[in-house]
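Here is the structure we will look at.
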Amino acid sequence: MGEPAENTEQRSLDFIRTTVEQDLASNKFAGRVHTRFPPEPNAYLHIGHAKAICTNFGVAADYDGLCNLRFDDTNPSREEIEYVEAMKRDIQWLGFDWDDRLYHASDYFGYLYACAEELIKKGKAYVDDLSPAEIRAYRGTLTEPGRNSPYRDRSVEENLDLFRRMRAGEFPEESRVLRAKIDMASPNIVMRDPVLYRILYETHHRTGDEWCIYPLYDFTHCLSDSIEGITHSLCSLEFENNRALYDWILQELGTYRSYQYEFARLNLTYTLTSKRRLLALMDKGVVSGWDDPRLPTLVGMRRRGYTPEAIRAFMDAIGLSKANSVVDVALLEHFIRQDLNARAPRRMGVLDPLKLVIDNYPEDKVEELEAINNPEDETMGTRRVPFSRVLYIEQDDFREDPPRRFYRLSPGQEVRLRYAYLITCTDVIKDEHGQVIEVHATYDPATRGGDAPDGRRVRGTLHWVSAAHALPVTVRLYDRLFKVPDPAAYDDMTEALNPESLEVRTNCYAEPSLEGMEPGYTFQFERQGYFCVDSDSAPDQLVLNRTIALRDSWARIERQQQNR
RNA sequence: UGAGGGAUCGUCCAAUGGUAGGACAGCUGACUCUGGAUCAGCCGAUCGGGGUUCGAAUCCCUGUCCCUCAGCCA
């Protein structure tokens, strides 16, 4: 994946890859690199998961290794099959492949149970009858040690008997758990006799009612890694404290030794990724669902028009480290613009139409003018765009009283209609409120195609659509969902919402070449931004989503002028 | 007043004892049939204090700040 770095200038390695290279050099894992992406199927994948996906699959790919997809489905009360399927689609869309290595932690329930019995037999685990509240009380605090449970010193035989009866369904939920026997005085709270198994009378989406006891994350994860021969188990920072337990379990059981490394998860400005918050946005009707194009979910971003290439390039750019960080969403926006600039065909469309009549252009004449599909890539060729006497231009491209540095159309001013003619504004028609509703102009027939034979310079170039040939379309102008860089800081998210995150425009016109385009088709509306066809489109009515606006330096100039 | 981590331009990431560099953002300018793209330039950082050293972001001491952990969640 990705280009090999320049031969001369070697790219620096992140701390994970540095470790991997050292391990390869020392032959620690017999030359293998094997990672895994282990999501819990309890929500849709978002941009934060994408970092984990790119990291795990990326590290494996960089060193001719393998990366498994493993669903961490140890909690039947929160997981659903719908999420499993959605996650698979999203990972594939991102461009990664687990081949035949699709696993589930639940595949290992039998093995995990055997491991638990072995721990009991070694005197390293015991059944505890304490209630959840008592366990909490006995655990101690961050500064005070915990106390041993009165059930801590049961015999191996009694523990085995009790654990088997837990499995057999003889006890109610919360009445007993299996705990590791480590050290209730450990300064690391994770090591204070962590719970390994709990009783849950819950139907599992894969194992049905086969089990009524389920292993917890700490017990499951390390052993799953071990079973799969994972060499480098990459996870996020909050598991640093758990590494001690990860190592303890593999050590005590003497199984294949996998190693855990933690890296900082991705945070983005103006963005929320917590499942709870995302769900709340849906509940409140702020967004339409998991695939709302304003959401940072992979389905949402896909619908918005983000490409996997852009997301992967972004992940390469932000790097990997152990420092908590918040990446500027502008960097993500940069990468989608960069990708689409190179690949998206150019089209013309008017989002806020103003009628323009070329008075000296023949009434019923129609010309097909040649337009370049992508100036960045001449192999994309050209197309023909119909031109006639009555056109639509953008309301913003006309000012009766132009401010300084306004190069667009205004009375007496000459501009270029892209790929068409140079025109000069001659007249303005207003309604009873003084609103400009129509502009008149004359064209210079010698400038067909947009070039002036006399070499006269024209600063402004406008996009346009022939009224008689225009394709009416609906356009959804998306912007950032939040107006503040750190929406998570708000108890009430709605205060942080950007009221302009979605503007639907129903009276837009596009050039006719867009007719019949399928959902997912991505293009640039010249001078405006990148758009894609939404799945809500009907055969006779395209719905277009704005992925991202073009950089708008005129808007910046205007802002500066206002601030003076 | 426990344990585990982390502090480098506004942001993210490099530099592992030898000129603190890149990307994004911002600002100038050039160019342009997209006020896009491109190109050139500018702005801009080693958490504080000591020490070792010819030389410290890097090593040592010390202080400060930030994050994580007290689920039978992951």
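Numbers restart at 1 for each chain; the letters A, B, ... are given by sequence-line order, proteins then strands.
- The residue A:Arg551 sits close only to the backbone: its heavy atoms come under 4.0 Å of sugar-phosphate atoms, none of a base.
- Taking the charged nitrogens against the carboxylate oxygens, A:Arg165 and A:Glu170 do have a contact shorter than 4.0 Å, which makes a salt bridge.
- For the C1' atom pair drawn from B:rG50 and B:rU11, the interatomic distance equals 32 Å after rounding to whole Å.
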message = With side-chain contact (heavy atoms from CB on, under 4.5 Å) as the criterion, how do A:Glu414 and A:Leu409 come out once you've worked through the C-alpha distance, each side chain's angles and the decisive distance to 0.1 Å?
response = CA-CA 7 Å; A:Glu414 183 172 56; A:Leu409 198 62; over 6 Å; no
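- Heavy atoms from other residues, nucleotides or ligands lying under 6.0 Å from CD of A:Glu368 number more than 12.
- Contacts of A:Thr74 with the nucleic acid, taken as non-hydrogen atoms under 4.0 Å apart, involve only primed sugar atoms and P, OP1 or OP2.
- Listed nucleotides B:rC73, B:rC72, B:rC24 differ in distance to A:Arg139; the shortest reach to its side chain belongs to B:rC72.
- Among the protein residues, A:Ile557 comes within range of the nucleic acid bases, having at least one heavy atom under 4.0 Å from a base atom.
- Between B:rG6, B:rC69, B:rG35, one nucleotide has an atom nearer to the side chain of A:Ala323 than all others, and that is B:rG6.
- Taking the C1' atom of each, B:rA23 and B:rU8 are spaced 15 Å apart, rounded to whole Å.
- A:Ser553 has a side-chain polar atom (N or O) that falls below the 4.0 Å cut-off from OP1 or OP2 of B:rG36.
- Look at the P atom in both B:rA7 and B:rG41: the space between them is 32 Å, to the nearest Å.
- Using a 4.0 Å heavy-atom distance criterion, A:Leu320 is classed as a sugar-phosphate-only contact.
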request  = For the pair A:Glu202 and A:Trp211, evaluate side-chain contact (heavy atoms from CB on, under 4.5 Å) and give the outcome as yes or no after the intermediate values.
outcome  = CA-CA 8 Å; A:Glu202 203 75 63; A:Trp211 297 90; over 6 Å; no
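- With RNA chain B read from its 5' end, the first of the two nearest nucleotides for A:Asp552 and A:Phe335 is the one closest to A:Phe335.
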key: side-chain contact (heavy atoms from CB on, under 4.5 Å) between A:Phe525 and A:Arg546, worked out   = CA-CA 9 Å; A:Phe525 265 149; A:Arg546 182 174 67 192; over 6 Å; no
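- Looking at heavy-atom distances under 4.0 Å, A:Asn341 makes contact with a base.
- Among the heavy atoms of the strands lying under 4.0 Å from A:Val195 are primed sugar atoms or P, OP1, OP2 only; no base atom is included.
- Under 4.0 angstrom from either OP1 or OP2 of B:rA37 there lies no side-chain N or O belonging to A:Arg337.
- For the pair A:Asn242 and A:Gln524, both in contact range of RNA chain B, the more 5′-proximal nearest nucleotide belongs to A:Gln524.
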Would you list the protein and nucleotides 1-5 of chain B atom pairs, both N or O, that sit under 3.5 Å from each other?
| from | atom 1 | to | atom 2 | distance (Å) |
| --- | --- | --- | --- | --- |
| B:rG2 | N9 | A:Leu142 | O | 3.1 |
| B:rG2 | N2 | A:Pro187 | O | 3.4 |
| B:rG2 | N3 | A:Leu142 | O | 3.2 |
| B:rG5 | O2' | A:Glu240 | OE1 | 3.3 |
| B:rG5 | O2' | A:Glu240 | OE2 | 2.7 |

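- In this structure, A:Met315 places its CE atom 15 Å from P of B:rC12, rounding to the nearest Å.
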request  = Taking Watson-Crick and G-U wobble pairs with both distances under 3.5 Å, convert RNA chain B into its dot-bracket string, 5' to 3', dots for unpaired and | for cross-strand pairs.
outcome  = .((((((..((((....[..)))).(((((.......)))))....(((((..]....))))))))))).....
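- Look at A:His334 and you'll find a side-chain N or O under 4.0 angstrom from OP1 or OP2 of B:rC24.
- In this structure, A:Tyr217 forms no aromatic stack with the base of B:rA74, since the conditions of centre separation below 5.5 Å and plane angle below 30° are not both met.
- Residues A:Tyr214 and A:Phe109 place their aromatic rings such that the two centres sit under 6.0 Å apart.
- The side chain of A:Arg527 approaches B:rU34 more closely than any other nucleotide in the set B:rC24, B:rU34, B:rA14.
- Here the side chain of A:Arg405 is nearest to one of B:rG35, B:rC72, B:rA74, namely B:rG35.
- Across B:rG36 and B:rC12, the matching P atoms stand 28 Å from one another, rounded to whole Å.
- At a threshold of 4.0 angstrom between heavy atoms, the contacts of A:Asp451 include nucleobase atoms, whether or not backbone atoms are also involved.
- For A:Phe239, taking side-chain heavy atoms from C-beta onward, the closest of the listed nucleotides B:rA74, B:rC72, B:rG35 is B:rA74.
- The nucleotide whose nearest atom lies closest to any side-chain atom of A:Ser321 is, among B:rA14, B:rA70, B:rG36, B:rA14.
- Residue A:Arg457 has its side chain nearest to B:rU32 when only B:rC24, B:rC73, B:rU32 are considered.
- Residue A:Val326 is classed as a sugar-phosphate contact, given heavy-atom separations below 4.0 Å to backbone atoms only.
- Within 4.0 Å of A:Arg408, counting heavy atoms only, lies at least one base atom of the nucleic acid.
- B:rC13 and B:rA20 are spaced 13 Å apart, taking the C1' atom of each and rounding to whole Å.
- Taking atom P on both nucleotides, B:rC43 is separated from B:rG6 by 33 Å, rounded to a whole Å.
- Put simply, the residue from A:Ser233, A:Ser258, A:Ser224 that forms a side-chain hydrogen bond (donor to acceptor under 3.5 Å, both in side chains) with A:Arg36 is A:Ser233.
- Here A:Phe406 lies in heavy-atom contact (under 4.0 Å) with a base.
- Applying the side-chain hydrogen bond (donor to acceptor under 3.5 Å, both in side chains) rule to A:Glu40 yields the partners A:Asn42, A:Arg78; only residues at least two apart in sequence or on another chain are considered.
- Here A:Arg136 lies in heavy-atom contact (under 4.0 Å) with sugar-phosphate atoms only.
- In this structure, A:Arg480 forms a cation-pi arrangement with A:Tyr270, its terminal cationic atom sitting closer than 6.0 Å to the ring centre and no more than 45° off the ring axis.
- Contacts with RNA chain B (heavy atom under 4.0 Å) in residues 372-384 of chain A: A:Pro375, A:Glu376, listed by number.
- By the 30° and 60° cut-offs, the orientation of the rings of A:Tyr392 relative to A:Tyr509 is parallel.
- Partners of A:His232 under the ring-ring contact (aromatic ring centres under 6.0 Å, His included) rule, at least two apart in sequence or in another chain, are A:Phe29, A:Tyr261.
- Aromatic ring centres of A:Phe387 and A:Trp464 lie closer together than 6.0 Å.
- Nucleotides B:rU64 and B:rG49 are separated by 15 Å at their P atoms, to the nearest Å.
- Because its NZ or CZ atom is not both nearer than 6.0 Å to the ring centre of A:Tyr126 and within 45° of the ring axis, A:Arg154 does not count as a cation-pi partner of that residue.
- Sequence neighbours left out, the pairs with a member in residues 163-189 of chain A that pass ring pair (Phe, Tyr, Trp, His ring centres under 6.0 Å) are A:Tyr113-A:Phe163, A:Phe163-A:Tyr197.
- Across the C1' atoms, B:rC42 and B:rG48 are found 30 Å apart, a figure rounded to whole Å.
- Under 4.0 angstrom from either OP1 or OP2 of B:rC69 there lies no side-chain N or O belonging to A:Arg192.
- Looking at heavy-atom distances under 4.0 Å, A:Glu526 makes contact with a base.
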message = One pair to check against side-chain contact (heavy atoms from CB on, under 4.5 Å): A:Tyr217 and A:Asp72. What are the steps and the verdict?
response = CA-CA 8 Å; A:Tyr217 167 84; A:Asp72 208 339; 3.7 Å; yes
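- Backbone-only contact: A:Ser325 has heavy atoms under 4.0 Å from sugar-phosphate atoms and none from a base.
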